[in-house]
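This is a predicted model, so every value here is computed, not measured. Chain letters run A, B, ... following the sequence lines, proteins first and then strands; every chain starts at 1.
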Amino acid sequence: MTRLTAGRALASALISLQLCPATSSGDDREAREIVNQLVVRGRAQDELAEITLELIEAGGRKRERTATFYTKKGDAGNHMRLFRFHSPPDMANAGILTIEQDDRDSDQWLYLPAYHASRRIASANRGDTWMGTDFAYEDVTDPKTEQYEYRMLGAERIGDLDCRIIEAVPVAEALRRESGYPKLTYWVNTEKYVAPKVEFYDREGRLSKRLTSTSLHRYGEYYRWDRWEMHDLKRDHRTVLTFTRREMDQGMSDRFFTVRFLERGR
Amino acid sequence: MRPPGRRESVRAFMSIAILLLAMGKGASSQDQESQDQLELTVSALGEYEGFFYFDRQDPNLFNGRNALRFLPEADLVVSRVAKLEGAVELRKDFIDPSRSRIFLDEGFLDLDFEDWDLRVGRQTISGGRAAIVKPTDSFMRHDYTDFVDPEEEPIDAVKIDNYLGDWTLQGIWAPVFRPDIFSLDPRNRWIGPSLGRIAGPVPSQELVVDVDHSTEPPKDLRSSQLGFRVTRRSRGVDWSASYYWGYDRLPTYLEQGSTSVDPATGATTVVVRPFYERIQIAGVDGETFIGPWGLRGEAAYTITSGLRAENPLIDDPYLRLVLGVNRTFSRILSTHDLYLNAEFLMDKELPSRGVDNQDVVNVQLRHFFRYALIGEMEYRFSQFRVFRSQTFLNLQEGDYVVQLEFRWQPRDATTWTFGSDLVGGPTGSFFGLYGHNDRVRVSLSLHLPQWQPGRREREPWHQRVNDHDE
């Protein structure tokens, strides 16, 4: 082999490594498959949820919001989401519309009634706080499992659910740069494929947030937690989401996921 | 045949609104379930606003603001396709009585059909994508009584939007022209120095300005304005092209009429006549994101009645351009966010001939820069504590406005705002005239909880919404 062909072979190998998710000994196929099932089985074709959000400060003071959340899987498999507030009155009718894209960053628009029109906003800041809560944008979107490496850590019982403990580490370059979490840990029940607990670690390797889900109910073929609590351990601040109404796979119209509906609500 | 008067115009408007409302009801009356759609929501906003000027040497000026505002709102869902919205502003200004009013701030009928919407009545119509100076925002009316803190005002209009996939076609008809609000009261700190150019050096306490409204456009259909906008949202880019046929919203020029002196009081009364000329505006605007960087641009070419340059007081046609870039830096100090926006502004005669608009027009508020920069910064300690600054800098003359503000929400629906406005510049520059107007301000707003009397349980959402598509 000449120096030129050896160089080309090395370049091809490097390019291949870049394109394929790492499947080194750090990546456990079983762990990956469990997380894949967690994501796939949890994903309805469309879903409407009415939500109460409580923001609880360290001293116990609470602020409450109510909202409706619409989500639908688009024709190309990417998700569309619309989140609209109903209360408190200074946030009523404000909303955010997100349309995921395969080949580029998601399209997002924010509508605030005071501005009389919607505005495009950046979708690249996945680490930004979501709606002023303890959730980040990346916390409320499904992970792209091919961008992570997974490892089985063990097992633990939470409530009446036997769970496998799985560690996830982002390996995709852009995700490693933009995500706020160099590591996450999932507790997943492999009978119902639900996760009663998720822990999020910061860039210093410290546990920074914990998501605890309770009140599990079955909606047709889907299991859903009706209460999520995200605890920001650094600030001792909590966000509690309570789902007061859910409907799934009802044939939701695409017109919910338009700037027109975002602005007019009808 | 004489043109319709104001009362006839209002009657015609109301007739159209009632007819459309009946159509809306008729469209859904076949479905008995829709009778349960009637839904009333009532809410209200209460607000206090106060200013304090540092320079209070002249006791004859309005040396502050002390105002209360109450804005009750109601919206009534009549059927699946029809909704009525209304809001009334009750404002009491204890320092400048001309600002006190009871005013219909909103009053329109919304009709929603499958591919098109119609809104008829008093409404605020916003256009353009720049942050502050929006060259294509032709239907936005302003109150420039305090022009470093202008307020948006509604107009009476019919607006129709047609939705075709990624495209939206919009048409607007405003039957009767309503100009911007501005003050010629010599006691107003924001107009006094400019008035000297019209009335001569008369002390403010001895000057009375009488506005002769007979030169304004007629208050009937002869002063109609029309606008069209085409918008596309696709592949990560939102853009629009627009056209407006209407009037300058600020007077094209002011003419001084008679001047008289009251021998008893010594007060000088100056009659001022505002003239509003027809204009056409063709514009484009757009925004997109490249990674975390937001890019915005807006351009508008205004064709004035000064094409033949017969009246030196009428603007020559001009081009306005805004180019901006913005970015949000998140997770600063773990939970804080920083938003930065910078915009370059240009206002230029095109074609260039003779003296620039900026040097000729006597209503300088319309052309107070050739090249300028606007900078915005928002530092979010949390959703409830935000520090904001906004800066305007005239790149040629060097005059500026710096506005600083801290917004605090101690609890939901309650917002305190503490701010300061700093104005100045070289002698002879526009904002340099107002260098003595630095001030601090405070406001408190309270949103009262929404009330929905007799609210009924809604039918399943999928039934409610998907019927629209049948």
Side-chain angles (χ1 to χ4, degrees), chain A residues 46 48 50 55 61 63-65 68 70 86-92 101 104-109 114-129 131-134 136-137 178 180 202 208 232 234-235 237 245 247 250-256 258-261 264-266, chain B residues 41 43-45 77 80-81 83 110 112 114 117 123-129 140 152 161 163 168 231 233 235-238 287-289 291-294 296 326-331 334-335 337 380 382-384 409 411-415 445 447-450 460-463 465-466 468-469:
Chain A
D46 58 64
L48 173 145
E50 293 193 355
L55 311 181
R61 189 160 77 167
R63 295 177 193 249
E64 191 174 291
R65 280 113 180 75
T68 303
Y70 309 78
H86 306 301
S87 69
D90 55 340
M91 294 179 74
Q101 304 294 342
R104 55 189 171 80
D105 285 332
S106 302
D107 292 324
Q108 278 197 318
W109 292 269
Y115 293 160
H116 308 292
S118 55
R119 304 303 301 270
R120 208 176 246 281
I121 59 173
S123 63
N125 296 338
R126 62 185 81 221
D128 286 354
T129 55
M131 301 294 166
T133 68
D134 295 295
Y137 278 101
E178 293 164 8
D202 64 18
S208 79
D232 184 323
K234 288 183 192 173
R235 297 188 302 138
H237 195 281
R245 181 176 160 218
E247 294 184 25
Q250 299 293 327
M252 189 186 286
S253 169
D254 281 2
R255 77 193 299 272
F256 278 105
T258 59
V259 170
R260 176 191 185 188
F261 187 82
R264 294 175 74 90
R266 290 154 55 82
Chain B
T41 304
S43 59
L45 165 71
V77 175
R80 274 201 189 88
V81 299
K83 181 177 168 186
D110 252 352
D112 291 310
E114 187 170 339
D117 303 324
Q123 57 192 285
T124 304
I125 298 177
S126 176
R129 299 174 201 281
M140 180 62 76
E152 293 177 347
D161 290 280
Y163 303 92
T168 303
T231 298
R233 295 183 177 91
R235 302 293 305 163
V237 180
D238 294 350
E287 63 181 344
T288 187
F289 277 86
W293 296 94
R296 275 186 219 146
N326 64 80
R327 178 161 179 179
T328 300
F329 298 88
S330 53
R331 297 198 303 271
S334 84
T335 55
D337 294 330
R380 298 173 199 138
S382 72
Q383 189 186 12
F384 314 113
Q409 281 195 304
R411 59 179 195 199
D412 283 337
T414 302
T415 305
S445 67
H447 288 256
L448 302 180
Q450 289 183 335
W461 65 269
H462 57 275
Q463 183 72 30
V465 172
N466 287 341
H468 235 300
D469 295 331

For this session: Select, from B/Val237, B/Asp161, B/Thr414, the one with the greatest count of heavy-atom pairs under 4.5 Å involving chain A.
Result: B/Val237
Seminar exercise, completed: Of the listed B/Thr124, B/Asp117, B/Asp337, B/Asp110, the one with the largest count of heavy-atom pairs under 4.5 Å with chain A is B/Asp117
Problem set entry | Distance, nearest 0.5 Å, that separates CG of B/Asp412 from CZ of A/Arg65 | 4.0 Å
For this session: Indicate yes or no for a side-chain donor-acceptor contact from A/Arg119 to the backbone of B/Arg129 under 3.5 Å, with no hydrogens or angles considered.
Result: yes
Exercise. Pick from A/Leu55, A/Thr258, A/Ile121, A/Asp107: which one has the most heavy-atom pairs with chain B under 4.5 Å?
Worked result: A/Ile121
Exercise. Side chain, backbone, both or neither: which part of A/Pro88 has an atom under 4.5 Å from a heavy atom of chain B?
Worked result: side chain
For this session: Among the options B/Gly294, B/Pro449, B/Gly236, pick out the one with the most heavy-atom pairs lying under 4.5 Å from chain A.
Result: B/Gly236
Exercise. Of the backbone (N, CA, C, O) and the side chain (C-beta and beyond), which part of B/Leu448 lies under 4.5 Å from a heavy atom of chain A, both, or neither?
Worked result: backbone
Exercise. Between B/Arg233, B/Glu152, B/Gln450, which has the largest tally of heavy atom pairs under 4.5 Å with chain A?
Worked result: B/Arg233
Exercise. Looking only at heavy atoms, which two atoms of A/Pro89 and B/Ala413 are closest? And how far apart?
Worked result: CG-CB, 4.0 Å
Problem set entry | Toward chain A, the part of B/Ser382 with a non-hydrogen atom under 4.5 Å | neither
Exercise. Which bit of B/Arg380 comes within less than 4.5 Å of chain A, counting heavy atoms only: side chain, backbone, both or neither?
Worked result: neither
Problem set entry | Separation between OG1 of B/Thr41 and NE2 of A/His86, rounded to the nearest 0.5 Å | 11.0 Å
For this session: Could you tell me which portion of B/Gln409 (side chain, backbone, both or neither) has an atom closer than 4.5 angstrom to a non-hydrogen atom of chain A?
Result: both
Exercise. Quick one: what part of A/Gln101 sits under 4.5 Å from any heavy atom of chain B, side chain, backbone, both or neither?
Worked result: neither
Seminar exercise, completed: Okay, A/Arg120 and chain B: the region with an atom under 4.5 Å from a heavy atom over there is both
Exercise. Hey, does B/Arg235 have a side-chain heavy atom less than 4.5 Å from the side chain of A/Arg104?
Worked result: yes
For this session: Work out which heavy atom in A/Tyr115 is nearest to a heavy atom in B/Ser126; give both atom names and the distance.
Result: O-OG, 3.8 Å
For this session: Could you walk me through whether B/Phe384 and A/Arg63 pass side chain to side chain contact (heavy atoms under 4.5 Å, CB included), step by step?
Result: CA-CA 11 Å; B/Phe384 314 113; A/Arg63 295 177 193 249; 3.3 Å; yes
Exercise. What's the spacing between B/Gln383 CD and A/Met91 CE if we round to 0.5 Å?
Worked result: 5.0 Å
